2 protein chains.
Amino acid sequence: MTAPLHQAHPAGSGRALPDTQQGMRRRNLARVMHTVSAEGPLSRAAVASRIGLTRAAVSTLVDELVRSGLLQELGPERPGRVGRPGSALAVSGHGPAGIGAEVGVDHLAVCAVDLRGEVRARAVRHGANRGRSPAPVIEELTGLVRRVVAEAQGQGLWPAGLAVAVPGLVARDARTVVRAPNLDWHDTDLGGLLPVGIPLTVDNEANFGALAELWLGEDTPRDFLHVSAEIGIGAAVVVDGRLLRGTRGFAGELGHVPVRPDGPECPCGGRGCLEQYAGEEAVLRAAGLEPGEDRVGLLAGRAEDGDEDVRGALRDAGEALGIALTGAVNLLDPESVVLGGALSGLSPWLLPSLQAELARRTAGPACPVTVSRLGPEGPLLGAAHSVVRGVLDDPASVAERV
Amino acid sequence: MTAPLHQAHPAGSGRALPDTQQGMRRRNLARVMHTVSAEGPLSRAAVASRIGLTRAAVSTLVDELVRSGLLQELGPERPGRVGRPGSALAVSGHGPAGIGAEVGVDHLAVCAVDLRGEVRARAVRHGANRGRSPAPVIEELTGLVRRVVAEAQGQGLWPAGLAVAVPGLVARDARTVVRAPNLDWHDTDLGGLLPVGIPLTVDNEANFGALAELWLGEDTPRDFLHVSAEIGIGAAVVVDGRLLRGTRGFAGELGHVPVRPDGPECPCGGRGCLEQYAGEEAVLRAAGLEPGEDRVGLLAGRAEDGDEDVRGALRDAGEALGIALTGAVNLLDPESVVLGGALSGLSPWLLPSLQAELARRTAGPACPVTVSRLGPEGPLLGAAHSVVRGVLDDPASVAERV
DNA sequence: GCTATTTCGTCATGGCCGTTTACAAATTAG
DNA sequence: CTAATTTGTAAACGGCCATGACGAAATAGC
């Protein structure tokens, strides 16, 4: 198994595959898969012209991929143009599947996604996980995973890997949850707790959310900043289509960017961190509400009803977000900023002040701010898709396993 | 010519070389060059074991590189171990040279660096360029370039490219200076003004400074934040050994990160930007000094002499830098922060408050802050080396030109 | 309806490139 | 002085993509 670049925590950073004919072959197999996956049913000739190889070379690559069950021959295309019609190729719907899982504060979710990107099975369990110790939660999650895997297998799929999204900081080993304040987990190695016989990857939910946006969003650029919030405020930086992780894997801690350096103290040790103004707890307090079950829904509902306290609190939060994002945008020059997770539901009341602040502090045109279409589904889908992308990135690695 | 990844503004982001046998060959030539360049004189066998190819394959690659004048055979190694001693290979000192140039506010400088990384020729001209129109300045620079090129040629070198560092924002075409406030240049295409018959690249001096740090610094990590200042404050973000440029090429504008959102107005339109606290002008004003010739030297001198006003101003600037860097570090999780350019000379008085602020606002161990060893030489060396790296990254592209 | 044209997929051939295997050369160990 | 070890090179081999030719299947023109 070679670790593709976008995988949760790539081991090395150099070229993964050795530069020998075999590596070349593997990379070309990957290019065929990516092309077919991205541009729908395509003939061998179309693929060849797109990736710059000859029809003959693509033919042998396709043969290999069809034999491995990764590509499917759909039969002759509808002839619209002159010449013999090609034989349409599509990504197989019966090959490997990516299993995505999410440990939320209030729920567990698992889904299976096939190579085509379709969700083929899912399972959810609601109920607060806050404060429960990791072992029983993971045990419950394992049950859901088994159910989803079984259901996928019933449809002719086989699990190629499991990716778990957690609301917390994950070490670069892609297995250990270093700190998940909202679950009260510390230094928990999920590798030992999830006894599923398939490759495991663990990552921050914000990271998976950003990847989902990158892969599934429409017109998502290759350089953007994805901001999300469950309770803390997390950001993910995508540069040139790849996640920026940082040395320890902690990049994107937008919540503790100083907004007002002399502001209220923050548990992190700093003062006036963004989380003190735009964190869920802070917004609820400013709105005069008590923390409860569906906090985001509550805020959205009150704001919708015209509650001025809530609206004001969200306006202030948007302003603080705008200040913090001004710094981030100046530093990174992204093509856009995408609001995801809980923020997408509250965007109608956050956006105006956020954008105003950003525009006011920017010389020239301000960085466009958009709202994720995926909403709360992002992290789960991103996790499952990360496994699928792993297969697309190196088809040879799974072809052996068929 | 293929654009290597670290080059000023790579055209595309995908794999540069096509995945065919020829591309493979080219990449393997590059790997041989990089290995020999990085690890000193090495035998063919040693190179082979390092890059994972066989001795036979490396032999043919080396032959080609020697014939092109990029590698040099130094003769048999001193035999310390059992077995036939290898024949030492070293990067040639008579092949291509990188020409670096710098347009500073108070000076012009040009140098030539060979493949071994040694400076083989240089020329400097002092005198204020502030407010002069681009044409005469560039004409003067061209003269220096011609002199340095001639001197290098006299030593058996030939110029492979010219890289120019400017104190301002450069568009992604790597030729146009969009805005250089300290020179008062706007939308100036240096490509038309520099009629030297070799490939031209223009980039921000902060970017080149960061690259110099990456390539020449000792123990510089592959993920760091390089902060420098001439008059504005610029940062360069290096991720995984590559410069982060941003969509428009404007990444790293640390100077306009909000430090105190309600602070003094800034020409950029914002309020309380870092530059209002730690910019050269602001520091001079706070120290009660007038802007003059050698401003940095003046500040350092007074601080050295114990001038409390100056020390206080620098302390405050360090504090503001610390606040801005806290945000950047939270967002990027770099392995270290490196202070370069003018900041390195003032570091004794900036560092204490900067580090204190950073540590106070960080949970866990704070990001280490170091001072560049290169100082004001960084941008010029980085520019010249960027050309050299371009050759190492694709030796085949220049081998044709011999 | 028939032929020429265009495009698709495949096959045989050839060239490029790293590997394998073998061997001579140059050194150390005993 | 011999055995062992390591280096560099040469020849044969195998993998992989390119080239060129060919049959198949559609359209375009008459």
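Just so it is clear, the values below take in all heavy atoms, side chains as well, and ignore hydrogens, waters and symmetry mates. Order of the sequence lines fixes the chain letters, A, B, ..., with proteins taken first and strands second; residue numbering starts at 1 for each chain. Worth saying up front: this structure is predicted, and the values here are computed from it rather than measured.
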Heavy-atom closest pair (A/G93 atom, A/R120 atom, distance to 0.1 Å) is O-NH1, 3.0 Å
Just how far, in rounded Å, is C1' of C/dT19 from CE of A/M24? 14 Å
If you look only at pairs with a residue in residues 37-56 of chain A, which of them pass as a side chain to side chain donor-acceptor pair (under 3.5 Å), with sequence neighbours excluded? A/E39-A/R50, A/R44-A/E73
Is the backbone of B/D240 close enough, under 3.5 Å, to the side chain of B/D223 for a donor and an acceptor to pair up by distance? yes
Whole angstrom is fine here: how far is it from CG in B/L53 over to P in C/dC16? 19 Å
N or O in side chain of B/N28 less than 4.0 angstrom from C/dG18 OP1/OP2: yes
B/R84 CZ to C/dC23 C1', straight-line distance once rounded to whole Å: 11 Å
Whole-Å distance, B/R26 CZ to C/dC17 P, equals 12 Å
Residue A/A56, side-chain heavy atoms: nucleotide from C/dC16, C/dT7, C/dC11 that is nearest: C/dC11
Any A/R44 side-chain N or O less than 4.0 Å from OP1/OP2 of C/dT10: yes
How many whole angstroms separate atom CZ of B/R78 from atom P of C/dT27? 9 Å
Would one find a side-chain N or O of A/T20 under 4.0 angstrom from OP1 or OP2 of C/dG18? no
Residues B/N28 and B/R25: side-chain donor-acceptor under 3.5 angstrom: no
Using whole Å, what does the distance between atom P of nucleotide C/dG9 and atom CD of A/E73 come to? 8 Å
With a 4.5 Å limit on heavy-atom distance, are the side chains of B/W158 and B/V398 in contact? yes
Once you apply a heavy-atom cut-off of 4.0 Å, does A/A57 come out as touching a base, just sugar-phosphate, or nothing? sugar-phosphate
Which one, C/dA22, C/dG18, C/dT7, comes nearest to the side chain of B/R55? C/dA22
At a heavy-atom distance below 4.0 Å, which nucleotide of DNA chain D is the first touched by chain B, and which is the last? D/dT5 to D/dC17
Assign each of B/G83 and B/A88 the nucleotide of DNA chain D bearing its closest heavy atom; nearer the 5' end lies the nucleotide of B/G83
Side-chain donor or acceptor of A/D114 paired with backbone N/O of A/L157 under 3.5 Å: no
Between B/R172 (side chain) and B/G246 (backbone), is there a donor-acceptor pair under 3.5 Å? yes
Whole-Å distance separating the CG atom of A/D19 from the C1' atom of C/dC16: 14 Å
How close or far is atom P of C/dT19 from atom CD1 of B/I51, stated in whole angstroms? 9 Å
Base, sugar-phosphate alone, or nothing: which one does A/S43 contact when heavy atoms must sit under 4.0 Å apart? sugar-phosphate
OP1, OP2 of C/dG18 versus side-chain N and O of B/R25: anything below 4.0 Å? yes
